[in-house]
Amino acid sequence: FSVNSQGAIHLHNASQEIVESVKLFADATNLGEKLSDFCLKDELPLSKGRELLTEIMSVFNNYNFSLYSSTQLGISGRHTNLLLFRPSTVQASAFLGLTLGQGNLLTLDGGAQEEIDGVREILSSRWPYPIATDMAVSASCWSWKVKRYPWRMSYGNKLVDRAVDRASKMVRQLSFPPPNNHDLESAKSLLVCLMRELSERGWKFVGAHNLHTSKCLLHFSK
């Protein structure tokens with residue numbers, strides 16, 4: 001599966017059931033035996049990229065496929081997310097998306113009140129600057145903005161996905177002391193503790209995707 005910054009979607013070797021599911025949010029432009037092309041419906045703006053990728057993960061999960069790997073490509077000047085899936089006997093019951101954007105914006109999609117409270121506590125205790133905004137975006141989405149820029153301070157704006165990959169391996173092995181008002185160390189602590197908080201609530205880290213809007217989307221399942 002691939003989707004680019006212009007809203008074009010391509011399915012490679014997908015079953016008919018998956019093709020029909022994608023038709024719910026994208027218009028078919030070319031349906032082939034091995035490759036099917038789609039374009040996002042007009043009522044779905046490109047800014048909804050994080051919701052789209054989460055929906056795609058759910059569709060493949062429903063037909064017993066799990067994410068194998070994800071990569072970003074630059075084709076003809078367009079940012080493209082390529083997701084590879086493989087058959088799986090383990091089916092997730094829910095998906096959660098955590099988006100890091102604009103250097104200091106955090107968005108939680110699909111979390112219940114306990115996840116919202118947990119993320120808020122980590123932001124308050126691990127980042128030594130105030131939370132500027134704390135608000136509901138929709139019934140299933142919550143957003144926070146903090147002072148300063150932890151996502152840029154940590155490993156670099158475009159390398160957050162690599163940082164999260166490292167953090168996911170460190171979650172059960174390292175324990176960070178309370179932040180000492182050193183921005184770099186506090187940002188690393190914040191990132192790892194967010195991963196650990198969700199892990200302790202039963203969420204398993206699935207993967208990370210760079211969106212064309214310079215945001216990093218982290219996926220979790222349970």
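Throughout, numbering of the chain's residues begins at 1 and tracks the sequence.
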At their closest point, which heavy atom of [X] faces which heavy atom of [Y], and how far apart are they?
X    : Y    : value
N61  : V90  : OD1-O, 4.4 Å
G118 : E197 : CA-OE2, 3.4 Å
C193 : R126 : SG-NE, 3.6 Å
L217 : G97  : CD1-CA, 4.1 Å
M57  : V206 : CE-CG1, 3.5 Å
K41  : L24  : CE-O, 3.3 Å

* Worked check of side-chain contact (heavy atoms from CB on, under 4.5 Å) between D109 and T99 -> CA-CA 8 Å; D109 290 289; T99 306; 4.3 Å; yes

State the [atom1]-[atom2] distance between [X] and [Y], to the nearest 0.5 angstrom.
X    : Y    : atom1 : atom2 : result
L98  : L218 : CG    : CG    : 5.0 Å
S70  : L83  : OG    : CG    : 4.5 Å
K222 : L96  : NZ    : CG    : 8.5 Å
L108 : L194 : CG    : CG    : 9.5 Å
K23  : I18  : NZ    : CD1   : 13.5 Å
Q102 : L100 : CD    : CG    : 11.5 Å

* Derivation and outcome, side chain to side chain donor-acceptor pair (under 3.5 Å), residues N104 and W144 -> CA-CA 8 Å; N104 63 351; W144 297 267; over 6 Å; no

Would you say that [X] contacts [Y] through its side chain, given a criterion of any heavy-atom pair below 4.5 Å between the two side chains?
X    : Y    : value
H219 : T54  : yes
I9   : D37  : no
T107 : C141 : yes
T71  : S69  : no
S21  : Y63  : yes
R148 : W127 : yes
L67  : L84  : no
V119 : E114 : no

What about [X] and [Y], same hydrophobic cluster or not, with Ile/Leu/Val/Met/Phe/Trp/Tyr joined at side-chain heavy-atom distances under 4.5 Å?
X    : Y    : value
L53  : L105 : no
V19  : V3   : yes
L35  : F38  : no
I122 : Y129 : yes

* What pairs with F1 under ring pair (Phe, Tyr, Trp, His ring centres under 6.0 Å), at least two apart in sequence or on another chain? -> none

* Verify side-chain contact (heavy atoms from CB on, under 4.5 Å) between F25 and E55, making sure each step is shown before the conclusion. => CA-CA 10 Å; F25 52 83; E55 180 66 24; 3.8 Å; yes

* **Whether over 12 other heavy atoms sit under 6.0 Å from K147 NZ** => no

* To do: May I ask you to check whether S36 and H10 show a side-chain donor-acceptor distance below 3.5 Å?
  => no

* Among side-chain atoms of W203 and E115, is any donor-acceptor pair under 3.5 angstrom? -> yes

* Asked: Taking the side chain from T133 and the backbone from K145, do they hold a donor-acceptor pair closer than 3.5 Å?
  -> yes

* Counting N and O atoms only, with roles assigned by atom type, does the side chain of S199 sit under 3.5 Å from a partner on the main chain of M195, one being a donor and the other an acceptor? -> no

* To do: Show your reasoning for whether side-chain contact (heavy atoms from CB on, under 4.5 Å) applies to Q91 and S66.
  => CA-CA 8 Å; Q91 195 170 46; S66 63; over 6 Å; no

* Checking side-chain contact (heavy atoms from CB on, under 4.5 Å) for the pair V146/L123: CA distance, chi angles, key distance, verdict? -> CA-CA 8 Å; V146 298; L123 289 174; 4.3 Å; yes

* To do: Measure the acute angle between the ring planes of F85 and F60, then classify it against the limits of 30° and 60° as parallel, tilted or perpendicular.
  => parallel

